[in-house]
There are 2 protein chains.
Amino acid sequence: MTTDTRAAGDLLRLDRQICFSLHAASRAFNGVYRTVLADLGLTYPQYLVMLTLWEDDGLPVKEIGDRLRLDSGTLSPLLKRLETAGYITRRRSEHDERSVVITLTMAGDDLRAEAAGIPLRMAKATGLTLDELQTLRTLLTTVTENLDEADL
Amino acid sequence: MTTDTRAAGDLLRLDRQICFSLHAASRAFNGVYRTVLADLGLTYPQYLVMLTLWEDDGLPVKEIGDRLRLDSGTLSPLLKRLETAGYITRRRSEHDERSVVITLTMAGDDLRAEAAGIPLRMAKATGLTLDELQTLRTLLTTVTENLDEADL
DNA sequence: CACAATTCAGTTGTGCACAACTCAGTTGAG
DNA sequence: CTCAACTGAGTTGTGCACAACTGAATTGTG
């Protein structure tokens, strides 16, 4: 195609910028969450797990991993820390001894109220409008799906 | 405001989705880069450093850190690994003995040609159009700037 | 029923992110 | 000129991501 050379050039520069900007954005988000979550004694990935449990308590490790795309190598120690912090309990499933069911403790459930204000603070911190946030989410979701399917 | 309640609800859900989608997108990108960069023996952050050096060789560690928003705690061991891999050399600056100047080796420079096809492959893997990529980059950059300025 | 294949949680090892710190070299105020 | 403040690189310790692995429990097939 006639536009290939120019388009390829654009892509080269763009990739470099996206490469940087995505990495930077991910870390910037993480940094702000770090600050916001410090009061609760949670890290960002731990917060993701708590969000999941606040929505559906009593999930097995596998299900949490599927929803958050995290494997046992990440979740096992993370959940151990949440257990030590007193926010969750772990017990083997009665139906399937291979599964470990994660349940919120009182303290873990109470944390929900304390965390209630976080999403709004974060959304405001991004400085984007609702529409822009929607667009961003859509693009990120699309990219993720495509990247997951891409076999190179 | 009259729309506050509804807007707050939207934001709650949206934050949860953005929270997930950004984390997922960041890891999806990282995963594909992992595959693509495996041939070169580079990780994604190492690739970012090499991109920087291919653009401007002979930078001090501090400057690389500023451009990539990485601190010495991350860069020092990373650069040590790149040195071990034979892609860079490190030497103290003559003008300022505190600085360590990073220089590409022959092998490090040769890698540039091997890496030439990566950006296009990545851009294609995202499955987005040029316009969409532009939009994504703009949103990410804006978000990063806002988050960095946000004091909570 | 028996056993091979699968599933699930956990461990190990490597690398990145970041806070808090050390230490050598440099700079600036008095 | 001197010494306190600052700067740059590096180290240490904690936590996450992920590949590769182990071992126990379960399932499916002959």
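Quantities reported herein were computed from a predicted structural model and do not represent experimental measurements.
- Shown here are the side chain to side chain donor-acceptor pair (under 3.5 Å) partners of B/D110, two or more places apart in sequence or in another chain: there are none.
- Taking the side chain to side chain contact (heavy atoms under 4.5 Å, CB included) definition, one finds that B/R69 meets it with A/A24, A/R27, B/T144, B/D148, sequence neighbours left out.
- In this structure, CZ of A/R91 is placed 13 Å from P of C/dA9, rounded to the nearest angstrom.
- Look at A/R90 and you'll find a side-chain N or O under 4.0 angstrom from OP1 or OP2 of C/dG10.
- Rounding to whole angstrom units, CG of residue A/L79 and P of D/dG15 are separated by 14 Å.
- Contacts of A/T43 with the nucleic acid, taken as non-hydrogen atoms under 4.0 Å apart, involve only primed sugar atoms and P, OP1 or OP2.
- Applying the side chain to side chain donor-acceptor pair (under 3.5 Å) test to B/E63 and every residue at least two apart in sequence or in another chain returns B/R67.
- Counting heavy atoms from C-beta outward, B/Y87 and B/Q46 have side chains that stay 4.5 Å or more apart.
- For B/S26, the side chain to side chain donor-acceptor pair (under 3.5 Å) test picks out A/S26, with sequence neighbours left out.
- In this structure, B/H95 places its NE2 atom 12 Å from P of C/dT26, rounding to the nearest Å.
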Inset, instruction - Starting at the 5' end of nucleotides 1-8 of chain D, put B wherever the base has a protein heavy atom under 4.0 Å, S where only the sugar-phosphate does, and a dash everywhere else. - result: ------BS
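- By the side chain to side chain contact (heavy atoms under 4.5 Å, CB included) test, B/V101 pairs with B/R91, B/S93, B/T103, sequence neighbours left out.
- Annotation: side chain to side chain contact (heavy atoms under 4.5 Å, CB included) contacts of B/E114 (sequence neighbours excluded): B/L40, B/L111.
- Between B/S72 and A/V101, the one whose closest nucleotide on DNA chain C sits nearer the 5' end is A/V101.
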Detail all sub-3.5 Å separations between protein N/O atoms and N/O atoms belonging to nucleotides 17-19 of chain D.
unit_1, atom_1, unit_2, atom_2, d
D/dA17, OP1, B/H23, NE2, 2.8
D/dC18, OP2, B/R27, NE, 3.2

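- Atom CZ of B/R92 is separated from atom P of C/dC23 by 15 Å (rounded to the nearest Å).
- As a whole-Å value, the separation of A/L59 CG from C/dC8 C1' is 15 Å.
- Remark: B/N146 pairs with no residue by the side chain to side chain donor-acceptor pair (under 3.5 Å) rule, at least two apart or across chains.
- Atom-to-atom distance recorded for B/I64:CD1 and B/L59:CG is 5.5 Å, nearest 0.5 angstrom.
- Phosphate contact (OP1/OP2 of D/dA9, side-chain N/O of B/K80, threshold under 4.0 Å): absent.
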